[in-house]
2 protein chains.
Amino acid sequence: MSASWIDRFKGLSQLPPDIRDQLEAGSQIVSVPAGTQVFAPGQTADNLLLLLDGTIRVQQKSDTGREVFLYRVHAGESCVLTTACMLAFEDYSADGIAETDVRAVAIPRATFDDLVAKSPVFRTFVFAAYSRRISDLFALIDDIVFRRMDVRLASRLLELSDARNVVHATHAVLGNELGTAREVVSRTLSEFHRRGWVEQSRGEVHLTDRAALEHLVRSSGMHL
Amino acid sequence: MSASWIDRFKGLSQLPPDIRDQLEAGSQIVSVPAGTQVFAPGQTADNLLLLLDGTIRVQQKSDTGREVFLYRVHAGESCVLTTACMLAFEDYSADGIAETDVRAVAIPRATFDDLVAKSPVFRTFVFAAYSRRISDLFALIDDIVFRRMDVRLASRLLELSDARNVVHATHAVLGNELGTAREVVSRTLSEFHRRGWVEQSRGEVHLTDRAALEHLVRSSGMHL
DNA sequence: AACCTTTGGTGACAAGGTCACCAAACCCGG
DNA sequence: CCGGGTTTGGTGACCTTGTCACCAAAGGTT
C-alpha cells in the first residue's frame, strides 16, 4: 500500500505534491458490494467516484419503464458525468449500479470544487474524462442509429468475453445492454451458432470463432 | 448596447465585477454567416462559443458517411461540450454548423481556463451547461431506442413550427434530424395528412391540428 | 419550351421490435 | 430423488422501420 491510489490514474500522477496531499486528505476510499445503486436519478450526487476495482454500469430508466444501457465505468476511470450535477446542483438523470464488488475513491463536492479551482492538472484530468465519456455517448448514438444488430451483438460479445472466450450473460442481459429485445438476441445467436461461430449453454455463450466475429464487425465500419 | 451581453446568460449575471471585466476584456464578439462550419472533428476547439443570435446544429458524421443530428444550440446557450476538448486537448468528434447567421461571444481557451479557476459562479455556469447538454443526450438516446417514429416526428414538428404553425423543412431534412429515412417521413406525414392533422406543400408542413399532434406525443411518454 | 434539379410518393423487401406462448434447464424444499 | 416453481431460451405471427429502386410533380434556368 506504499504507492498511493493516485498513481493508478494516469492524468493524476503529475499532480504537484501539495495538491496530492490535499486530494488524499480530502477524499476517502469506499467499498460497496455488487448490486448497490451508487447513484440514482432524483438524488444529488455528493461525490465524484474514481474506480479502483470493479465496474459500474450506468443506464437510464426510460419514461416507459424500460432501461437503456449507456456505458460502463471500469477500474481506473471515473463517474465524471455526475460532477456536472454536483456543481450545478441538478439531478442526474441516469442511474449507476455496481456490477461487481467495487472499491473506489470518493471525492466530496467541496474537495472537487476546490481542486478544480486550484490545480490545472486536476482540471485537465476532469475535462479529459468528460471528453472521453461524451465521445463514447456520441459513438453509442451512432451505433444505435446505423449499425446492424448482428454487428453490434458480435462486437459486444467480443468485448465481454473472458480469457476462455466465454461470455457469462443471459440473452436477456445482452438484449438489455444493446437496447434490444431478448428475442432478437436469441435469434441472432442462433444464426451465429448455425454458422459455427458460437456454442451456447444456459447463461453463457462460448465464442468458438473469434476471427469470424471480428471479421463481421470489421466488415461494416469499425468501433473498437 | 449599454447592457453587457453577459446579462443575456442567466448563470453569468451574478458574476462579481472584476470577473465580468475580465470576461469582457478576454473575449470577443464574432459573427459568422449561415452555413459556416463552426467546429469540426479533427480540429482542436480554441474557443467556447456563447450564442447571442442564431442557432448552431451539432451533428456527428458516421463512419458510414451518414450524419446523426445530436442537438441544436440556441441563442442564450453555449457550445459547452467542446470545452471538454479545449482543456483536454482532444479532438471533438462532432461537427457544428451555423444554421442561420450567428453572432456569438468567443472565449479563448486561456480566458476560459482562468475563469474556471477563479470564479465559482463561472464554474457553476459551465457545469450547469454540461449537465443540461448531457441530459439532452440521454433523452435523445432514450427517444431513439424507445419511441415510435410517428411520435418523434410529431414532437419535432411542434418544436420546429413557427408562429403560423408552419414548419419550413423538406422531408429529407426532417429525416436527417430524426436519424431516419426520408421515405419514413413522407409516409408518416401522409398518414398525418389522412387524419387531417397537417397540410403539405413543397418544402413546408402546415400544422392544422396542433392539439392532435400534442395528444399523440403526450399519449406515449412525455418529452417536451 | 426544353431541360435539369429538387422534392416527394410508392411498392417490395429486409431487419428489427412486440406479443403470446411453450419447453427445457435449473433450483429448492420435502 | 421427486415435484413444483422459476429462470432462461425458442418460435411464429405480426407490425414498424429502414432500404432500394424507381417514378412523378414542382420549381428553376436558359
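In what follows, chains carry the letters A, B, and so on, assigned in the order in which the sequence lines appear, proteins first and then strands, with residues in each chain numbered from 1.
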In whole angstroms, the gap separating P of C:dG17 from CD of A:Glu183 amounts to 10 Å

From CA spacing to verdict: side-chain contact (heavy atoms from CB on, under 4.5 Å), A:Leu52, A:Val105: CA-CA 7 Å; A:Leu52 295 170; A:Val105 182; 3.8 Å; yes

Short N-O contact, A:Arg195 and A:Glu191, less than 4.0 angstrom: yes

What is the distance, rounded to the nearest whole Å, between atom CD of A:Glu204 and atom P of C:dA25? 15 Å

Which nucleotide sits closest to the side chain of A:Gln200: D:dT8, D:dG10, D:dT16? D:dG10

Would you indicate which nucleotide in C:dG8, D:dG18, D:dT8 comes nearest to any side-chain atom of B:Thr170? C:dG8

DNA chain D nearest-nucleotide lookup for A:Val145 and A:Arg182: closer to the 5′ end is A:Arg182

Working for side-chain contact (heavy atoms from CB on, under 4.5 Å), residues B:Leu137 and B:Leu81: CA-CA 11 Å; B:Leu137 283 180; B:Leu81 293 194; 4.2 Å; yes

Taking for A:Arg202 and for A:Ser190 the nucleotide of DNA chain D with the nearest heavy atom, the one nearer the 5' end belongs to A:Arg202

With a non-hydrogen cut-off below 4.0 angstrom, is B:Arg187 in contact with a base, only sugar-phosphate, or nothing? base

D:dT11 P sits how many Å from A:His171 NE2, rounded? 11 Å

Got a salt bridge between B:Glu77 and B:Arg132, using NZ or NE/NH1/NH2 to carboxylate O under 4.0 Å? no

Could you check how far CZ of A:Arg66 sits from P of C:dC19, rounded to whole Å? 8 Å

Quick check for you: among C:dT18, C:dA20, C:dG8, whose closest atom lies nearest to any side-chain atom of B:Ser186? C:dG8

Is B:Arg8 positioned over the aromatic face of B:Trp5, cation under 6.0 angstrom from the ring centre and no more than 45 degrees off axis? no

Round to a whole Å and report the spacing from CG of A:Leu216 to P of C:dA15. 13 Å

Can you measure B:Leu178 atom CG to D:dG18 atom P for me and round it to whole angstrom units? 9 Å

Starting from P on D:dT19, measure out to CG on B:Asn176 and report it in whole angstrom. 13 Å

Considering only side-chain heavy atoms of B:Thr180, which listed nucleotide, D:dG18, C:dG17, C:dA24, is closest? D:dG18

Please state how far atom CG in B:Asp150 lies from atom C1' in D:dT16, giving the value in whole angstrom units. 9 Å

